[in-house]
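Please read these numbers as outputs of a predicted model, since none were measured by experiment. Below, read A as the first sequence line, B as the second, and so on, with proteins coming before strands; counting in each chain starts at 1.
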There are 2 protein chains.
Amino acid sequence: MHSQETHLTEIEIEDRLKQHGYRLTAPRSVIVEAVLRHNRPFTAEQLVAELGDGPDAIGRATVYRTLEVLASVDVLTRIVSPDGHPSYISGAPGHRHHLLCEECGTTVTFTACPMNDLIDTLATDTHFLIKDHTLEVFGICPSCQESRS
Amino acid sequence: MHSQETHLTEIEIEDRLKQHGYRLTAPRSVIVEAVLRHNRPFTAEQLVAELGDGPDAIGRATVYRTLEVLASVDVLTRIVSPDGHPSYISGAPGHRHHLLCEECGTTVTFTACPMNDLIDTLATDTHFLIKDHTLEVFGICPSCQESRS
DNA sequence: ATCAGTATTGATACATGGTGTCAATACTAT
DNA sequence: ATAGTATTGACACCATGTATCAATACTGAT
């Protein structure tokens with residue numbers, strides 16, 4: 001019911017972009033490679049900092065746009081923490097939620113969603129047409145608990 | 001299991017501020033009155049726009065600080081939508097979640113939280129110390145569904 | 001292999017949402 | 001009434017993200 005994420009390869013990701021009608025460009029390859037190096041949630045600004053200078057610098061706008069594109073083809077998931085700061089997590093097609101360590105960012109993905117029953121009840125009772133929900137869990141992972149004490 | 005919110009009065013809110021050691025000031029009264037006029041979620045910037053000019057204008061920083069204070073004493077709840085934009089909802093002490101209409105902002109509060117079981121399972125399986133979770137539901141309310149068709 | 005068409009890029013400027021500073025003000029307990 | 005201190009608001013600043021637009025580069029068709 002929960003698992004570490006299995007990652008797509010660069011080639012699979014680029015295929016997926018093509019299938020959705022996106023062009024394969026040098027900056028996108030660089031960004032995909034950078035994304036694959038992260039196995040923790042990262043922010044757009046972190047990527048900008050990594051890729052935004054040097055000889056083959058990639059523009060801020062391109063980084064933001066590409067992250068959006070990758071999220072739209074289910075290569076990345078964008079999650080928003082309770083303080084409103086978004087970050088991206090590699091690989092998360094389908095309906096998933098995450099358990100994040102607030103200290104080190106370790107992420108556990110789980111597919112068990114307890115919302116289905118609740119959504120039915122809410123829909124019946126309120127007559128809302130229910131479209132979406134957020135559900136993310138935050139805590140401290142075992143190794144951070146240890147290094148605290 | 002779900003309900004429209006019952007509102008505190010201005011006096012009750014000001015008592016609550018005092019009980020927490022906050023002073024009663026003119027700007028805070030103005031902000032509390034403004035908050036009570038809203039029965040839909042609102043953003044900090046909306047309040048700034050309402051109160052930020054005219055003869056008794058209230059500074060942007062004061063508005064932001066006061067909203068934080070009101071949230072800290074459970075007069076307001078701050079929720080963050082999937083796109084990362086925070087808004088405030090009047091009156092929500094305790095553990096509550098919300099069902100929001102994406103079109104008109106109508107909000108239904110519910111206390112049924114399906115997370116308890118899941119959290120126990122997650123804690124057992126991952127050994128995380130679980131601290132917090134987000135859970136908000138978004139949809140279209142009955143009256144907006146009607147005016148669509 | 002070349003070409004034309006168009007998606008993409010990146011520089012820049014701008015927009016939005018929020019925070020830090022600090023002197024001046026105003027609340028509260030005494 | 002006064003002293004002490006929380007609070008205010010002006011301002012500058014920061015962080016995150018977006019719009020514009022000319023220049024570039026990918027792609028499919030030839």
**Study point:** Nearest atoms (heavy-atom pairs only) where B:Val32 meets B:Glu10
**Key:** CG1-CG, 3.9 Å
Check your understanding: Is the shortest distance from a Lys or Arg side-chain nitrogen in A:Arg78 or A:Glu68 to a carboxylate oxygen in the other one below 4.0 Å?
Key -> no
Point to revise | Nearest-angstrom distance from the residue atom CG of B:Leu24 to C1' of C:dA26 | key: 12 Å
Review point. DNA chain C: B:Arg23 or B:Ala61, which has the more 5' nearest nucleotide?
Key: B:Ala61
Exercise for review: Rounded off to whole Å, could you give me the CG-to-P distance for the A:Leu51 and C:dT9 pair?
Suggested key: 13 Å
**Study point:** For atom OH of A:Tyr88 and atom P of D:dT16, their distance in whole Å
**Key:** 13 Å
Practice item. Could you check how far CG of B:Asp56 sits from P of D:dT7, rounded to whole Å? Key: 20 Å
Review point. Looking at D:dG9, D:dC26, C:dT28, which one has an atom nearest to any side-chain atom of A:Ala26?
Key: D:dC26
Review point. Closer to the 5' end of DNA chain D via nearest nucleotide, is it A:Ala44 or B:Gly21?
Key: B:Gly21
Study note, to complete from the structure: Comparing nearest nucleotides in DNA chain C, the 5'-proximal residue of the pair A:Ala57, B:Tyr22 is A:Ala57
Check your understanding: With a non-hydrogen cut-off below 4.0 angstrom, is B:Arg28 in contact with a base, only sugar-phosphate, or nothing?
Key -> sugar-phosphate
Review point. Roughly how far, to the nearest 0.5 Å, is the CD atom of A:Glu50 from the CD1 atom of A:Ile31?
Key: 11.0 Å
Exercise for review: Check every strand shown and say whether A:Thr25 touches a base, only sugar-phosphate, or nothing at a heavy-atom separation below 4.0 Å.
Suggested key: sugar-phosphate
**Study point:** Ion pair check, B:Arg28 and B:Glu14, cut-off under 4.0 Å
**Key:** no
**Study point:** A:Leu17 CG to C:dA7 P, straight-line distance once rounded to whole Å
**Key:** 16 Å
Exercise for review: Classify the nucleic acid contact of B:Glu68 as base, sugar-phosphate or nothing, counting any heavy atom under 4.0 Å across all strands shown.
Suggested key: sugar-phosphate
Check your understanding: What's the CZ-C1' distance between B:Arg65 and C:dT19, to the nearest Å?
Key -> 10 Å
